[in-house]
Undergrad: 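The structure follows.
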Amino acid sequence: MRIVISRNQVSDPAEVEAYYRQRRPEMLPFVPATAKRVLELGCAEGAFAATVKERTGGEVWGIEFNPQAAERACALIDRVLVGDADEQIAKLPDNYFDAIVCNDVLEHLVDPGSTLRELRRKLAPGGVVVASIPNIRFLPALSKVVFRKDFPQEDYGIFDRTHLRFFTHKSIVRLFRTSGFSMRRMKGISAYYSPLALVLTIISFGYFSDCFYMQYACVASPST
């Protein structure tokens, strides 16, 4: 299961390097500050995981498909498993992690529900899964489909050509529910603001309010 973009799919090497080094500060508040054992699925070069370690002072692990990125992550966090994510998840200790982070990962998986069910077994009591997931109902994305009659294949973003799944607010909640989780917190991030967005929200009585977020940040815990 590949969870990062490959270098031969992006024309600009600088964009590839930036992709692997994203710090994702907007996701940091969703990771419990009290988490002492954290796993990041698709940790790339470990920039976000290192920030989590600095904030919590805890033990931070990563799983990364790209060996060059994983090597760099090893210098920043406690342990990095390299290779197919599902295979590496099977090697993890059960009931161990206080938080498991999936930043822009689930949409790359063939069966994200199956992966979430496996991750559920790795959570310690009270543990949570933290995820950011692109929103296909994002207005600029919808405009490409509706008005340009296109579904582009791009190097990154909502139309990333390596995405295998596409989600909305409703289907994200369903994904977690059917995988044995309860959604504790869900918030739109990377908002798109424009006069059109404001007008559309007002005249639809909020029906299209979910269209103005590029992604959703989620915190979910195992259902009892």
Side-chain angles (χ1 to χ4, degrees), residues 1-25 27-28 30-32 35-124 127-134 155-157 160-165 179 218 220:
M1 173 187 62
R2 193 156 193 163
I3 54 177
V4 294
I5 58 174
S6 88
R7 292 176 181 270
N8 62 10
Q9 291 176 316
V10 179
S11 56
D12 186 348
E15 290 183 354
V16 178
E17 296 303 323
Y19 180 92
Y20 282 111
R21 294 172 181 169
Q22 293 182 82
R23 296 179 63 86
R24 299 301 303 274
M27 290 301 299
L28 190 60
F30 295 91
V31 180
K36 295 305 178 186
R37 292 172 175 170
V38 178
L39 167 71
E40 183 179 8
L41 197 62
C43 67
E45 294 186 1
F48 180 79
T51 304
V52 170
K53 183 171 179 62
E54 180 180 348
R55 178 179 183 241
T56 66
E59 176 186 342
V60 180
W61 294 33
I63 295 177
E64 174 54 44
F65 185 88
N66 184 289
Q68 290 78 29
E71 184 177 359
R72 294 187 179 99
C74 284
L76 300 177
I77 58 178
D78 297 284
R79 186 172 179 181
V80 180
L81 305 182
V82 185
D84 177 271
D86 286 327
E87 293 177 2
Q88 301 308 315
I89 290 169
K91 301 176 183 179
L92 298 172
D94 289 344
N95 307 311
Y96 191 78
F97 296 100
D98 300 309
I100 298 177
V101 179
C102 303
N103 284 339
D104 295 353
V105 167
L106 297 175
E107 64 275 11
H108 292 268
L109 309 185
V110 174
D111 189 353
S114 176
T115 300
L116 282 172
R117 287 188 287 273
E118 288 302 309
L119 292 176
R120 190 179 190 275
R121 298 172 49 222
K122 308 304 175 180
L123 288 172
V128 296
V129 167
V130 177
S132 66
I133 304 175
D155 292 333
Y156 49 83
D160 185 328
R161 59 175 50 86
T162 65
H163 287 180
L164 301 179
R165 302 283 180 168
S179 303
C218 310

Undergrad: Is any side-chain heavy atom of L119 closer than 4.5 Å to a side-chain heavy atom of C102?
TA: yes
Undergrad: Show the numbers, then the answer: is there a side-chain contact (heavy atoms from CB on, under 4.5 Å) between L41 and T115?
TA: CA-CA 11 Å; L41 197 62; T115 300; 4.2 Å; yes
Undergrad: Return the CD to OG distance between E118 and S179, rounded to the nearest 0.5 Å.
TA: 11.0 Å
Undergrad: Would you check if Y156 and D104 make a side-chain contact, meaning some heavy-atom pair closer than 4.5 Å?
TA: no
Undergrad: With a 4.5 Å limit on heavy-atom distance, are the side chains of P32 and V128 in contact?
TA: yes
Undergrad: Side-chain contact, heavy-atom cut-off 4.5 Å: E40 with V52?
TA: no
Undergrad: Give me the atom names and distance for the closest heavy-atom approach of C43 to A73.
TA: SG-CB, 4.1 Å
Undergrad: Minimum heavy-atom separation for D98 to A124, with atom names?
TA: OD1-CB, 3.9 Å
Undergrad: For Q88 and V82, work out which heavy atoms get closest and say how close.
TA: NE2-O, 3.3 Å
Undergrad: CG of N95 to CG of L123: how many Å apart, nearest 0.5 Å?
TA: 8.5 Å
Undergrad: With a 4.5 Å limit on heavy-atom distance, are the side chains of R55 and L28 in contact?
TA: yes
Undergrad: Which atoms form the tightest heavy-atom contact between T56 and K36, and what is the distance?
TA: O-NZ, 3.1 Å
Undergrad: Taking all heavy atoms of F48 and all of R24, pick out the closest pair and write down the distance.
TA: CE1-O, 3.4 Å
Undergrad: Return the minimal non-hydrogen interatomic distance between A50 and I77, and the atom names on each side.
TA: N-CG2, 3.8 Å
Undergrad: In chain order, what residues pass the side chain to side chain donor-acceptor pair (under 3.5 Å) check against D78, with sequence neighbours excluded?
TA: K53
Undergrad: Please report the C-alpha distance between I100 and K122 in whole Å, then the side-chain angles of each, then the deciding distance to 0.1 Å, and finally whether the side-chain contact (heavy atoms from CB on, under 4.5 Å) criterion is met.
TA: CA-CA 9 Å; I100 298 177; K122 308 304 175 180; 4.1 Å; yes
Undergrad: Do E59 and V38 come close enough that some side-chain heavy atom pair is under 4.5 Å?
TA: no
Undergrad: Let me confirm one number: the NZ-CG distance from K91 to D86, rounded to the nearest 0.5 Å.
TA: 12.0 Å
Undergrad: Any heavy-atom pair between the side chains of L164 and L109 that's under 4.5 Å?
TA: no
Undergrad: Ignoring hydrogens and angles, tell me if any N or O in the side chain of E64 forms a donor-acceptor pair with the backbone of A44 under 3.5 Å.
TA: yes
Undergrad: Pick out which of D94, L92, I89 makes a side chain to side chain contact (heavy atoms under 4.5 Å, CB included) with R121.
TA: D94
Undergrad: Would you call R37 and F97 a side-chain contact if the rule is heavy atoms closer than 4.5 Å?
TA: yes
Undergrad: Would you please test L106 and R165 for side-chain contact (heavy atoms from CB on, under 4.5 Å) and show each step?
TA: CA-CA 8 Å; L106 297 175; R165 302 283 180 168; over 6 Å; no
